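What follows is one structure encoded as structure tokens, with my remarks underneath.
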Amino acid sequence: MPLPLGHTAIGWALSETGRREEDTSSLPGRLLLVALLANLPDLDVLLGLLLYGNGNALHRGPTHSLVFALVAGWAAAHLWRLGPRVPRVSFRMGFLLVFSHLAADLLFTSAPVSLFWPLAVHFSEGYSGWGTVVHAVVFRSLQDAGIAAACLGYLVLLRQVRRMVDGLRAPAVVRRDDR
Ligand SMILES: [Zn+2]
């Protein structure tokens, strides 16, 4: 399953794709916000552990739904009001970052998510205690290296394409004849 590293890498690729040139917010601030939003749905693991001692108890429920992505996207678009250091994010990008988590869960795992909650809900089955969750986040993140590498390749390609487009857009230099 994609873990924090994989979700963050996908979110970062998404956010760089949608980033505007005039966005001058700091790199650490943007990275932190992307990591937070791209992993937000898995807050249900922490809640399950705190309330039931089982990370699977609430996992892939309401926080893995379109409704949650819309609400979280709206909240993210207003986060900048908390202080000047908080990077601005549009509602659309906030929604997409949270939605990217759901899409990755759907794409890279066989277990369902509750995309259409409250109409349908699919909680994870089984038990996973604190030890299992911490072990997975620390060690199985290595498995997400493939996702991170793919995102990195995409970002390099994106930069090249943007440079090419900028080159084409730049006004042609009129050469003077020094005669
Ligand atoms: Zn998830």
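Fair warning: this is a prediction, and the values are worked out from it, not measured in the lab. Numbers here simply count residues along the sequence, with the first being 1.
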ask   = Any link between V71 and W80 through a network of hydrophobic side chains (Ile, Leu, Val, Met, Phe, Trp, Tyr) touching at under 4.5 Å?
value = no

message = Are V86 and F91 connected into the same hydrophobic cluster when the rule is that any two of I, L, V, M, F, W, Y join if their side-chain heavy atoms are below 4.5 Å apart?
response = yes

Reported CZ-to-CD distance for the pair R19 and E16, which is rounded to 0.5 angstrom = 4.5 Å

query = Rounded to the nearest 0.5 Å, what separation is found between the CG atom of L31 and the OG atom of S25?
reply = 11.0 Å

task = Classify the ring geometry between H78 and W74 as parallel (under 30°), tilted (30 to 60°) or perpendicular (over 60°).
result = tilted

Least distance between heavy atoms, D44 atom then G61 atom = OD2-N, 3.8 Å

note = Exactly one candidate in V89, L33, L37 meets side-chain contact (heavy atoms from CB on, under 4.5 Å) with L79; the answer is L33

inquiry  = Are L102 and L70 connected into the same hydrophobic cluster when the rule is that any two of I, L, V, M, F, W, Y join if their side-chain heavy atoms are below 4.5 Å apart?
reply    = yes

query = Counting only heavy atoms not in R92, do more than 12 sit closer than 6.0 Å to its CZ atom?
reply = no

query = Yes or no on ring-ring contact (aromatic ring centres under 6.0 Å, His included) for H64 and H101, after CA distance, side-chain angles and deciding distance?
reply = CA-CA 8 Å; H64 285 67; H101 181 109; 5.1 Å; yes

ask   = Can you find a heavy atom in the side chain of W12 that is under 4.5 Å from one in the side chain of L155?
value = yes

query = Rounded to the nearest 0.5 Å, what separation is found between the CE atom of M93 and the CZ atom of R88?
reply = 15.5 Å

key: Taking every non-hydrogen atom, the tightest pair across S114 and S65   = O-CB, 3.1 Å

query = Can you tell me if CZ on R159 sees more than 12 non-hydrogen neighbours from other groups inside 6.0 Å?
reply = no

query = Looking only at heavy atoms, what is the nearest atom pair of A148 and A9, with distance?
reply = CA-CB, 3.7 Å

message = Please determine whether the number of non-hydrogen atoms from other residues, nucleotides or ligands lying under 6.0 Å from atom OH of Y52 exceeds 12.
response = no

key: F68 side chain reached by P62 side chain, heavy atoms, under 4.5 Å   = no

request  = Heavy atoms only: give me the nearest F116-L66 pair and the separation to one decimal.
outcome  = CE2-CD1, 3.8 Å

Residue pair D42 / H59, side-chain heavy-atom distance below 4.5 Å = yes

remark   = Result for side-chain contact (heavy atoms from CB on, under 4.5 Å) between V45 and one of L58, N56, V133, N39 points to V133

task = Give a yes or no on whether L40 and L115 share a hydrophobic cluster (residues Ile, Leu, Val, Met, Phe, Trp, Tyr; joining criterion: side-chain heavy atoms under 4.5 Å apart).
result = yes

query = Side-chain contact, heavy-atom cut-off 4.5 Å: L14 with I10?
reply = no

ask   = With distance as the sole criterion, is a donor-acceptor pair present between the side chains of T17 and Y154 under 3.5 Å?
value = yes

key: Shortest non-hydrogen contact from G48 toward A57   = CA-CB, 4.5 Å

query = Rounded to the nearest 0.5 Å, how far apart are CH2 of W130 and CG of N54?
reply = 11.5 Å

key: Side chain to side chain, T109 and R60, heavy atoms closer than 4.5 Å   = yes

inquiry  = Walk me through whether F108 and D144 qualify under side-chain contact (heavy atoms from CB on, under 4.5 Å).
reply    = CA-CA 11 Å; F108 296 117; D144 281 20; over 6 Å; no

query = To the nearest 0.5 Å, how far apart are OG1 in T132 and OH in Y127?
reply = 6.5 Å

ask   = Are L50 and L43 linked, directly or through other ILVMFWY residues, by side chains that come within less than 4.5 angstrom of each other?
value = no

query = Say you draw a straight line from SG of C151 to CG of L158; how long is it, rounded to the nearest 0.5 Å?
reply = 11.5 Å

ask   = Crowded around R85 CZ? As in, over 12 foreign heavy atoms under 6.0 Å?
value = no

message = On a heavy-atom basis, which atom in L49 and which in G55 lie closest, and how many Å separate them?
response = CD2-N, 3.5 Å

